[in-house]
Amino acid sequence: MEMRRTDAANRGDLSPISPFTQFCLTSLPPIGAFSIRAESEAMDIEKEEVKPEAAPQAPTPCGCQKTHCLKLYCECFANGRYCVGCNCHNCHNLSSYEEIRTESVRQILERNPAAFRQDAATSHKACHCKRSNCIKKYCECYEDSRPCTPLCKCEGCQNMGNQ
DNA sequence: GAGTTTGAAACT
DNA sequence: CAGTTTCAAACTC
């Protein structure tokens with residue numbers, strides 16, 4: 001049900017065109033004038049507006065192509081940050097897309113209420129590796145320099161620290 | 001840089 | 001809840 005509502009929201013139900021809408025449509029420049037480059041500029045603006053010196057440690061730029069950085073696949077989004085200086089395409093993980101972004105957050109929280117909780121993220125984190133033996137960065141435990149725990153469901157684990 | 005491999009996230 | 005697909009990153013060549 002609520003997912004339906006999302007779809008409707010994304011499509012934007014603008015059935016009746018009000019005089020104001022008509023005014024906007026006719027007075028704004030053609031969409032072609034904006035091009036994708038406009039989003040890059042928007043991103044730069046974002047960089048300036050949100051936190052001019054918020055990236056002292058270069059927070060790992062993402063390279064998302066299909067998800068608009070609105071899924072947990074996106075590290076920036078998963079960590080509750082806007083994308084800044086990333087290599088992503090058509091990024092919607094920006095304050096200028098706040099409505100869409102918030103809706104995506106809501107959906108994800110619906111699935112997993114702890115999705116954006118840092119403490120939960122650091123404490124649970126059980127991997128399910130099958131081929132990397134947990135000694136490559138494919139393994140999240142290994143990537144975080146953390147031994148796998150008995151909660152992990154990995155096979156052939158070589159990242160058990162002791163035992 | 002292109003192509004492959006990998007496992008989490010998403011979906012059914 | 002289990003199996004499958006999608007995704008972006010790690011890795012290899």
Side-chain angles (χ1 to χ4, degrees), chain A residues 1-13 34-47 49-51 54-163:
Chain A
M1 285 309 181
E2 307 202 323
M3 291 168 72
R4 296 271 157 63
R5 193 207 299 163
T6 300
D7 290 342
N10 286 341
R11 274 196 301 274
D13 269 331
F34 283 111
S35 82
I36 299 175
R37 218 166 278 170
E39 300 194 0
S40 303
E41 291 171 11
M43 225 169 67
D44 291 341
I45 292 171
E46 205 59 43
K47 196 186 303 176
E49 285 183 351
V50 174
K51 291 177 183 176
Q57 305 167 339
T60 318
C62 72
C64 307
Q65 309 238 355
K66 299 189 170 185
T67 61
H68 300 173
C69 302
L70 292 183
K71 304 280 188 181
L72 293 177
Y73 295 123
C74 176
E75 284 188 40
C76 310
F77 178 77
N79 289 327
R81 290 197 214 92
Y82 291 126
C83 283
V84 175
C86 295
N87 306 311
C88 40
H89 300 324
N90 225 338
C91 182
H92 289 188
N93 183 28
L94 301 167
S95 66
S96 41
Y97 291 92
E98 199 54 53
E99 288 184 30
I100 299 175
R101 186 178 179 279
T102 300
E103 176 57 21
S104 188
V105 169
R106 195 190 60 74
Q107 279 182 32
I108 291 166
L109 285 176
E110 209 170 274
R111 260 183 251 124
N112 172 18
F116 297 94
R117 290 193 51 184
Q118 304 237 331
D119 54 334
T122 51
S123 57
H124 293 140
K125 192 176 296 185
C127 74
H128 301 75
C129 306
K130 296 189 188 275
R131 304 190 58 82
S132 68
N133 301 118
C134 305
I135 52 173
K136 295 188 177 179
K137 284 192 175 182
Y138 296 125
C139 174
E140 292 194 348
C141 304
Y142 177 86
E143 182 172 19
D144 293 353
S145 305
R146 218 185 309 273
C148 289
T149 75
L151 293 175
C152 294
K153 303 285 171 51
C154 40
E155 298 176 7
C157 182
Q158 298 178 25
N159 184 35
M160 277 305 216
N162 45 11
Q163 166 171 341

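Every heavy atom of this structure was used, including side-chain atoms; hydrogens, water molecules and symmetry mates were not. Throughout, protein chains are lettered first and strands after them, A, B, ... in sequence-line order, and every chain is numbered starting at 1. Since the structure is predicted, the reported quantities are computational estimates derived from the model, not experimental observations.
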Applying a 4.0 Å non-hydrogen cut-off, can you work out what A/C62 is touching in the nucleic acid: base, sugar-phosphate, or nothing?
sugar-phosphate

Please report, rounded to the nearest Å, how far the C1' atom of B/dC11 is from the CG atom of A/L72.
14 Å

Starting from C1' on B/dT6, measure out to CD on A/E143 and report it in whole angstrom.
12 Å

Between A/C148 and A/C127, is the side-chain contact (heavy atoms from CB on, under 4.5 Å) condition met? List the steps.
CA-CA 8 Å; A/C148 289; A/C127 74; 3.7 Å; yes

Evaluate the side chain to side chain donor-acceptor pair (under 3.5 Å) criterion for residues A/Y82 and A/E98: first the C-alpha distance (whole Å), next the side-chain angles of each, then the deciding distance (0.1 Å), finally the verdict.
CA-CA 10 Å; A/Y82 291 126; A/E98 199 54 53; 2.5 Å; yes

Spacing of CZ belonging to A/F77 relative to SG belonging to A/C83, to within rounding of 0.5 Å:
10.0 Å

Is a donor on one side and an acceptor on the other found under 3.5 Å between the side chain of A/N159 and the backbone of A/R146?
yes

For A/C74 and A/C88: C-alpha separation, side-chain torsions, deciding distance, then whether side-chain contact (heavy atoms from CB on, under 4.5 Å) applies.
CA-CA 9 Å; A/C74 176; A/C88 40; over 6 Å; no

Grab the CD-C1' distance between A/E75 and B/dA9 for me, whole Å please.
13 Å

By the 4.0 Å heavy-atom rule, please label A/C127 as base, sugar-phosphate, or nothing.
sugar-phosphate

If you walk 5' to 3' along DNA chain C, what is the first nucleotide with an atom under 4.0 Å of a heavy atom in chain A, and what is the last?
C/dT6 to C/dT12

OP1 or OP2 of B/dC11 under 4.0 Å from side-chain N/O of A/K71
yes

